[in-house]
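One structure is given here, and the rest of the page talks about it.
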2 protein chains.
Amino acid sequence: MEQFSNSLDHIFQALADPTRRAVLERLGHGPASVGELAMPFDMALPSFMKHITMLEASGLIRTHKRGRVRHCSIEPQRLALIDGWLADQRALWTGRTDRLERFVTQPGHKDKPR
Amino acid sequence: MEQFSNSLDHIFQALADPTRRAVLERLGHGPASVGELAMPFDMALPSFMKHITMLEASGLIRTHKRGRVRHCSIEPQRLALIDGWLADQRALWTGRTDRLERFVTQPGHKDKPR
DNA sequence: AGAAAACTGTTCCATAAGGCTAACTATCAC
DNA sequence: GTGATAGTTAGCCTTATGGAACAGTTTTCT
């Protein structure tokens, strides 16, 4: 519950930065090393590593080190959490629309909208 | 393009806070005033107002003042931006999976994965 | 062994986020 | 017109973010 909420915090936070979204998009094409991922960006490696760390902390990517290079891959089921939240959200306001509609089309029905 | 990216920045940023997500969920049931929205939270009004301001800046809600009370309502099509991004994202890695599958099932086919 | 590659750790900096209190403005209800 | 209501402004504090520089450390290559 709070675990869930906390996850969403970190996931949305991670997605709020264009660099990190770009990394995810890149990883959508397949795994890559930190160095490969960092190349397109005009940024010092340590700075870039922070983004990787945040992505991993949010659970959106998984990494493991082989030799001196760290490999990163995407964790798609993590994005499903957002799907879930969006679906809930949509259910709320389409549910409301439905109730409103019932109320309008069946004026006798006691279903307090609001 | 960059406008789009910028929008996502603000939308994800807005969603990264539990208070703001709760406000959105409440607004999913229908419009409400700032006071009504603030009631469940143990927080000073000025602090709460910052959340409202951020939500409005991200475009996720719309507000307008009538008399001395400010009314807030949700802006559902804004969430569709996230849907779009998620869909793109999924297209990437399912596309990859498909290619990988073709590669696996047709070993003779020259389609370098990765 | 020695050098280069690929991170990692540490420290620093500027700005933004999230909270607070106190004082202020603008309605609305008598 | 007084007083309560509903926000708003302004200032302060603390922590987190996104960036940089510079000095390690571990592997790999020759």
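Being a predicted model, the structure only gives us computed values, none of them experimental. Numbered from 1 within each chain, the chains take letters A, B, ... in sequence-line order. Hydrogens, waters and symmetry mates play no part in the numbers below; they use all other heavy atoms, side chains included.
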What's the verdict on side-chain contact (heavy atoms from CB on, under 4.5 Å) for A:Ile61 and A:Thr63, showing C-alpha distance, side-chain angles and the deciding distance?
CA-CA 7 Å; A:Ile61 71 172; A:Thr63 85; 3.9 Å; yes
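- Distance, A:Asp17 CG to C:dA17 P: 13 Å, rounded to whole Å.
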Is there a side-chain contact (heavy atoms from CB on, under 4.5 Å) between A:His51 and A:Leu37 once you walk through the steps?
CA-CA 11 Å; A:His51 291 298; A:Leu37 291 173; over 6 Å; no
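- Between A:Gly67 and A:Ala16, the residue anchored closer to the 5' end of DNA chain D is A:Ala16, taking for each the nucleotide with the nearest heavy atom.
- Judged purely by atom type and a 3.5 angstrom limit, B:Gln89 has no side-chain atom pairing as donor or acceptor with the backbone of B:Gly84.
- When the side-chain hydrogen bond (donor to acceptor under 3.5 Å, both in side chains) test is applied to B:Arg68, no partner is found at least two apart in sequence or on another chain.
- Nearest heavy-atom pair, A:Ala14 versus A:Arg20, reported as atom, atom and distance to 0.1 Å: O-NE, 2.8 Å.
- Within 4.0 Å of B:Thr19, counting heavy atoms only, lies no atom of the nucleic acid at all.
- Within residues 43-52 of chain A, the residues that have a heavy atom under 4.0 Å from DNA chain D are, in order of number, A:Met43, A:Ala44, A:Pro46, A:Ser47, A:Lys50, A:His51.
- Scanning DNA chain D 5' to 3' for nucleotides with an atom closer than 4.0 angstrom to a non-hydrogen atom of chain A gives a first and last hit of D:dG18 to D:dT28.
- Note: B:Ile82 CD1 to B:Phe12 CZ = 5.0 Å, rounded to the nearest 0.5 Å.
- In this structure, A:Arg62 contributes its side chain and A:Ser73 its backbone to no donor-acceptor pair below 3.5 Å.
- No N or O donor and acceptor, one from the side chain of B:Arg68 and one from the base of C:dA26, sit under 3.5 Å apart.
- Formation of a donor-acceptor pair under 3.5 Å by the B:Glu56 side chain with backbone atoms of B:Thr53 is not found in this model.
- Between A:Arg70 and C:dT8 there is a side-chain polar atom (N or O) within less than 4.0 angstrom of OP1 or OP2.
- Phosphate proximity of C:dG18 to B:Arg20: present, with a side-chain N or O under 4.0 Å from OP1 or OP2.
- In plain terms, the two heavy atoms of B:Leu79 and A:Trp85 that are nearest each other are CD2-CZ3, 4.1 Å.
- Spacing between atom CG of A:Leu37 and atom P of C:dC7 amounts to 9 Å, rounded to whole angstrom units.
- Per the geometry, NZ belonging to A:Lys65 stands 7 Å off C1' belonging to C:dT8, to the nearest Å.
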